[in-house]
Amino acid sequence: MPFRLTFTKRIEDVPRWYPFVISLGAIVISFVISGILLKLVGGEPLVVGKYFYTAAFGNWAVFSDTLVKATPLILVGLACTVAFKMKLWNIGAEGQFYAGAFAASLVVLIPIVPPDAPRFVTITLMAVMGMIGGAIYGFIPGYLRAKFEINEIITTLMLNYVAIFWNNFWIFNKWSDAGFQMTPTFPKSAWLPRLTDYARPYKTFMETGNPAITGFLKNIGLERISGMTLHLGVVFGLVMVVVVWWILERSRWGYEIKLIGDNPHAAHYAGLNIVRNIVLVMIVSGALAGLAGMSEITGVVHRLQERISPGYGFTGIIIAWLAKLNPFAVIPVAILFGGLILAGREIQPSGLAMLLQGFILFMIISSDVLLRYKLEFTRTRTSGETV
Amino acid sequence: MNLVTILHAGMATGTVLLFATIGEILTERSGILNLGVEGMMLLGAMAGFSASLATGNVWLGVLAAVLAGGALSLAHGLVTIHFQADQVVSGLALTFLGTGLALVFGEGLTGQNPPLLPDLTIPLLGQIPFIGPSFFADFNVLVYVGYLLIPATWYYIYKTRPGMHLRAIGEKPEAADTVGVNVYRLRYLYVFAGGCLAGLAGATITLGVSPGWYSAQTTSGQGWIAIGLVIFAQWDPVRAAVGSYLFGALRRGILDLQGPATLLGFVNPLYINSNWGFFLKMTPYLLTIIALILGARAAKKKRLGAPAALGVPYIRGERGL
């Protein structure tokens, strides 16, 4: 080979903008490769790409739908972030999502509160139950890992399947709505309010008929907001972003989590209780994913049914990694993937969104090498010479 | 529902897990953790089915499956061996990538009928009562390939020089390097071998055990069960075989339990209300967790464990962690 690729370890720190540019480049490359693949199977990458954009970000109404998809993604992205910070590979956010949804729906299905209870009470109780359900489901693999050193990757993944069958048992059986594979619709008191419900001042704005205001709103495509689907769950997500950021970056516990993640031996000698921390982190991670499940059933489908998640738990892994385990960065990444999932629903071939996610994750982790190493092509003197 | 049919079906479905588990054992023994088995398996399943359909030759299908699984695994090899990326995340990415590729390229394969693997009965052995029909009769050819693979890998890992090198690069790569073993090249080789076997496992499903393409349902998590079985098997091919065939029999037994109206003289609750079947469907996944617990306890007792360098990137000229 006349050329040779050499890796030199970076000694100096890279500039702050550098990781960001690299990640962006990785995403662009993944889109390009997926486009080429799509062309290979006979698709029209540019048409599909344009469709993806308009279907996810084309106007305020679809952007609201994108945010609805991003809501559970923010929460499961945070769930993975917390666990990954400690190098705990919780890939069971999917199962914890289902466990949370199940536990939350018990509130109205058993029922724990009557259907005419105040919305505030029902919703709060459901959120708490959802978090408890997810937390219990995260506790099991956490305890097995901490006490018996059972690989949490496998246990969390196996429990995903168990949670889905468990939910199916109840919705096909005891709580089936007239034999359909879903429970009856929840009473209105268990519906998360849509954000448009709070938009009364906005309506009066429009009703004033002031042409300056109405004209401006028309120009930016916001003359009608009544059909918008965005619900209170997104607020849960944003609040949790701040909570997780505070835990990880400002609290003593967050420092312990990072210390254990970086060097468990040092943490052990420093006297940190690793067993307890593993269990606690899995509980928090599970609770966040469980809240995502609760938000989805109370905010979107308003019942417990099959396939409430098109793999949110798995996308959460990619989101956490793409956001470089930074809680605030989870928000834009979740919105991007929310759009991808929303537009990908109606697109053929059906695996395209998944393929794109796989490419992006692959490119991101391979591009990380550029942060740690300088890659240089050097010319070798003679082609016959061995290197 | 009788023992012979369950054993027979168990050996057939167990072969899928066997290939994937032994492949992952080879990969992990070399120090690389590849969690992408499910993706490689699904891609192999699709490639095998599709190539057999396109060429009309089932063997070309098997070849395509093996190469597809192997090719995908090389992406993991590049990222983890040369770029030293996190092996867990890379493996997860591989699962997404393989699943996505399989679903995109597998569009329209449902309901097609490609040539399938031929069935074979071993002369003489197949005639032995009970044993013959359970283990040596009317199986697709790959089941017998699986039988041969178990002693072959065992012998290779424990009794040959390349097998010793394989164990060395997984336990102490820097020591292997000092005696002239090319750690990088061998790790690529065993990642590739693991990918090929995962691809073969996929072809075993779509061209043999349960023919047809059912998108992501085709593998339904068997790649993950295989990774669990590696731990249960303590990275040993013979224990892997026991685990694989047991799980295979179990998967089949579960289906069979729902058939009859009475079980051992009692009314079969599964027959009356098929919803109880959801609990039965959980059992393979729950048993994987139990198998892991058992494996971990046995490992502690015998002081066995994962290859020491599993998951740790090797950087020549640098001290390991």
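So that the names make sense, note that chain A is the first sequence line, chain B the second, and so on, each numbered from 1. The figures that follow rest on heavy atoms only: side chains count, while hydrogens, waters and symmetry mates do not. Worth saying up front: this structure is predicted, and the values here are computed from it rather than measured.
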Completion exercise
Okay, A:I91 and chain B: the region with an atom under 4.5 Å from a heavy atom over there is side chain

Handout entry: Per-residue contact mode, B:T288 against chain A (heavy atom under 4.5 angstrom)
Key = side chain

Exercise for the section: Flag yes if more than 12 heavy atoms outside A:E149 fall under 6.0 Å of its CD atom; otherwise flag no. Expected result: no

Exercise for the section: Output the distance between atom CG (B:L292) and atom CZ (A:R145), rounded to the nearest 0.5 Å. Expected result: 12.5 Å

Problem - Partner of B:F279 under ring pair (Phe, Tyr, Trp, His ring centres under 6.0 Å), chosen from A:F172, A:F169, A:W170 - result: A:F169

Problem - For the student: nearest non-hydrogen atoms of A:V369 and B:F83, plus distance - result: CG2-O, 3.7 Å

Problem - Contact class of A:I318 relative to chain B, heavy atoms under 4.5 angstrom - result: side chain

Practice task
Could you tell me which portion of A:D368 (side chain, backbone, both or neither) has an atom closer than 4.5 angstrom to a non-hydrogen atom of chain B?
Solution key: neither

Practice task
Would you check if B:L92 and A:F314 make a side-chain contact, meaning some heavy-atom pair closer than 4.5 Å?
Solution key: no

Completion exercise
Cut-off 4.5 Å, heavy atoms of chain A, and the answer for B:V88 is side chain

Practice task
Could you tell me which portion of B:L78 (side chain, backbone, both or neither) has an atom closer than 4.5 angstrom to a non-hydrogen atom of chain A?
Solution key: neither

Practice task
For residues A:F359 and B:L97, determine if any side-chain heavy atom of one lies less than 4.5 Å from a side-chain heavy atom of the other.
Solution key: yes

Handout entry: Which atoms of B:A102 approach chain A - backbone, side chain, both or neither, heavy atom under 4.5 Å
Key = neither

Completion exercise
For A:F362 and B:A93, the nearest pair of non-hydrogen atoms, with its separation, is CD1-CB, 3.4 Å

Fill in the blank from the handout: Nearest heavy-atom contact between B:Y285 and A:V162 is CB-CG2, 4.0 Å

Practice task
Could you please spell out the steps behind the side chain to side chain contact (heavy atoms under 4.5 Å, CB included) verdict for A:W89 and B:D86?
Solution key: CA-CA 12 Å; A:W89 302 111; B:D86 192 291; 3.6 Å; yes

Exercise for the section: Return the minimal non-hydrogen interatomic distance between A:F148 and B:A296, and the atom names on each side. Expected result: O-CB, 3.9 Å

Exercise for the section: Using non-hydrogen atoms and a 4.5 Å limit, figure out which bit of B:S215 sits close to chain A: side chain, backbone, both or neither. Expected result: neither

Exercise for the section: Could you tell me which portion of A:I153 (side chain, backbone, both or neither) has an atom closer than 4.5 angstrom to a non-hydrogen atom of chain B? Expected result: side chain

Practice task
Quick one: pull up OG1 in B:T95 and CE in A:M354 and give me the separation to the nearest 0.5 Å.
Solution key: 8.0 Å

Practice task
With the side chain counted from C-beta on, respond yes when A:L355 and B:L101 share a heavy-atom pair under 4.5 Å apart, and no when they do not.
Solution key: yes

Completion exercise
CZ of B:F96 to CD1 of A:I317, rounded to nearest 0.5 Å, is 5.0 Å

Practice task
Select one option (side chain, backbone, both, neither) describing which atoms of B:I231 are under 4.5 Å from chain A's heavy atoms.
Solution key: side chain

Problem - Among A:L157, A:L144, A:I150, A:L370, residue most engaged with chain B (heavy-atom pairs, under 4.5 Å) - result: A:L157

Handout entry: Audit row: B:F278, A:N167, side chain to side chain contact (heavy atoms under 4.5 Å, CB included) steps and yes/no
Key = CA-CA 9 Å; B:F278 286 120; A:N167 265 15; over 6 Å; no

Exercise for the section: Kindly indicate whether the side chain of A:I154, heavy atoms from C-beta on, has any atom under 4.5 Å from the side chain of B:I227. Expected result: yes

Completion exercise
When every non-hydrogen atom of B:A85 is compared with those of A:I365, the smallest separation belongs to CB-O, 3.9 Å

Practice task
Check whether more than 12 heavy atoms from other residues, nucleotides or ligands sit under 6.0 Å from atom OH of A:Y51, and answer yes or no.
Solution key: yes

Handout entry: Atom pair NZ (B:K281) and CD1 (A:I164), whose distance is rounded to the nearest 0.5 Å
Key = 12.5 Å

